[in-house]
Amino acid sequence: MVTVANFDGLIGSTHNYAGLSFGNLASFANTGLISNPHAAALQGLEKMKKMSDIGLFQGVLPPHQRPYLPMIRNLGFQGNDNEIFQSAWKHSPDLMVNFFSASSMWAANSATVSPSSDCNDNRLHLTVANMSEMFHRSMESSQTYRSLKKAFPFAKVHEALFSHSFLADEGAANHVRLCGEKSKKGVELFVYGRDAYTKSNSVYPARQTYQASETITRNHGLEILRTVYAKQSERAINAGAFHNDVVCVGAMSTLFYHELAFENTDKLQSDIRKSADGIFEPIFIEVKESEIPLQDAIESYLFNSMLVKIPGCEYLTLIAPLEVKKNEKVESFCENLVASNNTIKDIYYVDVRQSMRNGGGPACLRLAVPLNSEEKKLVNKKNILTESLYSDLKIWINRHYRKEISPNDLRDVNLMNESFSALDELTNIMKLGSDFYFFQK
Ligand code: SUG
C-alpha cells in the first residue's frame, strides 16, 4: 500500500522580503516589507501539525545555513566569520541579500521524486533540483542533497543536475504523479517552461527545461510509456506562474488545473490517457478562464493547494491557503466545486501568509513522497513530525526567532550569530550530526 507522505521545509530564522525572484509576482510586490520569521515558522509548523492530525504521514526537512558563509568565502571575502560578514556588506550589499534567503522552506523545489513502483530498480529515486535560474536558490542543492540522504537512507538520491540554464530544474513544482487505486504503477507528468534549444519569448524566466526533465526520467529509470511531458503556456508564465504548481495540482487519478496552464491541453489529456491505459482512468478538472481568470487564480494561489487523500476518505481534500477566501469569485467557485464534484469533496484552509508573501503556498512548502509500507519504516525517525518533535520545535522557534526583520536588519551581525545558535540547537533536536551545518567553514 502506497501513501503519499509530505515533507515540509522548516522555515528558517532569516525569512525576509528581499524581492529576489523575478517573475514571482508576490516576491516582487512585497519587496522591502518587514517580515516576521517567528510567525512564519509557527505557521509552517501548525500546517504540518494539522496534516499529521488528520492522519497524513508528515515529515520535516531542516532549514539551511543562512547567511551562507561558504558562498561568501567563495566570492573572495577573507577573514573570520564576522570579518567576511562586514566586508561583504560593505562591498557587495546586493549580493549579500541572496545569502540570507530562507528559500529552502519551499520543499516542493528540493527534488523530483519517483516512487519505487515507477522505477526500473524498484527503489525510490529523488533528484535534487539545481534551481539554476535564481542565484539565491542555486546555493540550496548541496545542503538539500545531504538533507534528503539523511531523511531517506534507503533511497537513491541523485545529486543536482549540472547547474546551467540548459538543465534548469526546479523539482517537484513542475512534476505530478498520477495513479489508480489498484495498480502500483503510475504516470509521471513532467512540465517544462522551455526547450533549451529554442529561444524563449516569455517576459519572465521559464525555470524548467525539457532537457532537465528528460534527464531525470532517464536517471530514475522510468518507463517511457508511462511518462508524459507537457509545456507550460507562455501566457501562464508571463502572468506569474513561475512554476507549474501555481496553476495545476494532481493526486491519485485527478489533475486539477487552469485552462491556460498548458500550451496544448488536448495533447496533454490524450498523452495522459495513453500512458494510463490499463492502469487507471484519469480525471481532468479544468477550470475555465471564464470561471476564474488566470490573474485571480495566481493571486489566490488556489492551484497551490495540496490535494490529499485523507485515510478513511474515498474522496480528495484540498488544503488551500487562506488567500482563497479573500477572493469572492475563487471562494464561491470552491464552495460549488466541493458541493458538486465527486472527486474533490472537501476543503481545509491553512494560514501560511508569511510564506505566501514570497510566492510560496501550501503545496510549495512540502515535498510529496509516495512511500510503500516497508519504506515508511525506513525513513529517518528524526525527520518525522511526532508530538514531541512538534513541541520541541515550537519551543525552539519561540526561543530563537525574531518577530521582525526589515531589509536593514540583515546587516546586523547579531542576526547571523542568532541564526547560527538556532541551527546549532536544531542539530541536536533533530540529531542531524555535528557536521550538518558548519562542516564547510
Ligand atoms: O522560487 N520565492 C520562491 C517561491 C517558491 C515557491 N515554490 C513553488 N511554487 N513550488 C521562488 O520564487 C522569494 C525570495 C525572496 O524574494 O526573498 C522566493 O525565492
Side-chain angles (χ1 to χ4, degrees), residues 6-9 11-12 14-37 40 44 61 63-64 66-68 94-113 129-141 144 168-176 191 193 204-208 232 236-237 239-250 257 261 297-307 321 323 352-368 405-407 409-410:
N6 292 302
F7 284 76
D8 281 48
I11 296 175
T14 60
H15 158 66
N16 71 94
Y17 299 117
L20 299 174
S21 274
F22 179 58
N24 167 343
L25 302 185
S27 149
F28 221 59
N30 294 318
T31 310
L33 276 191
I34 293 177
S35 67
N36 184 338
L61 296 171
H64 293 189
R66 293 293 180 270
Y68 190 47
D94 293 340
L95 265 180
M96 271 304 265
V97 288
N98 290 278
F99 308 131
F100 278 89
S101 174
S103 55
S104 68
M105 71 173 84
W106 298 299
N109 301 119
S110 61
T112 305
V113 185
N130 61 24
M131 305 300 291
S132 66
E133 292 304 287
M134 294 286 145
F135 180 58
H136 69 290
R137 302 217 58 184
S138 64
M139 57 196 89
E140 289 170 32
S141 60
T144 299
D169 171 29
E170 308 248 333
N174 294 318
H175 173 258
V176 180
V191 185
Y204 293 140
R207 291 165 60 168
Q208 179 89 29
Q232 264 187 294
I237 296 174
F242 55 98
H243 291 137
N244 177 61
D245 70 1
V246 173
V247 281
C248 169
V249 58
Y257 58 90
I298 292 173
E299 270 168 27
S300 66
Y301 257 44
L302 167 63
F303 295 97
N304 202 260
S305 299
M306 291 159 65
L307 193 53
E323 282 71 4
V352 289
R353 275 179 284 190
Q354 285 286 323
S355 163
M356 281 286 289
R357 285 186 197 140
N358 255 336
C364 300
L365 285 163
R366 65 90 175 90
L367 183 67
I405 293 187
S406 70
D409 292 333
L410 300 179

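Whatever order the structure lists them in is the order used to number ligands and atoms, beginning at 1. All of these numbers come straight from a predicted model, not from anything done at the bench.
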I'd like to know if the side chain of Glu140 pairs up with that of Ser110 as donor and acceptor (distance under 3.5 Å, no hydrogens or angles considered).
no
Taking the side chain as every heavy atom from C-beta outward, state whether His64 and Ser103 have any pair of such atoms under 4.5 Å apart.
no
Side-chain heavy atoms of Pro37 within contact of Ile11, under 4.5 Å:
no
List, ordered by chain and residue number, the protein residues whose closest non-hydrogen atom lies under 4.0 Å from any atom of ligand 1.
Asn16, Ala18, Gly19, Leu20, Ser21, Asn24, Ser27, Trp106, Ala108, Asn109, His136, Arg137, Ala173, Arg207, Phe242, His243, Asp245, Asn358, Gly359, Cys364
Listed by chain and number, what are the salt bridge (Lys or Arg N to Asp or Glu O under 4.0 Å) partners of Arg207, not counting sequence neighbours?
Glu170
Do side-chain atoms of Asn304 reach the backbone of Leu302 as a donor and acceptor pair under 3.5 angstrom?
no
Any donor and acceptor pair, going by atom type alone, linking the side chain of Asn130 with main-chain N or O of Ser132 inside 3.5 Å?
yes
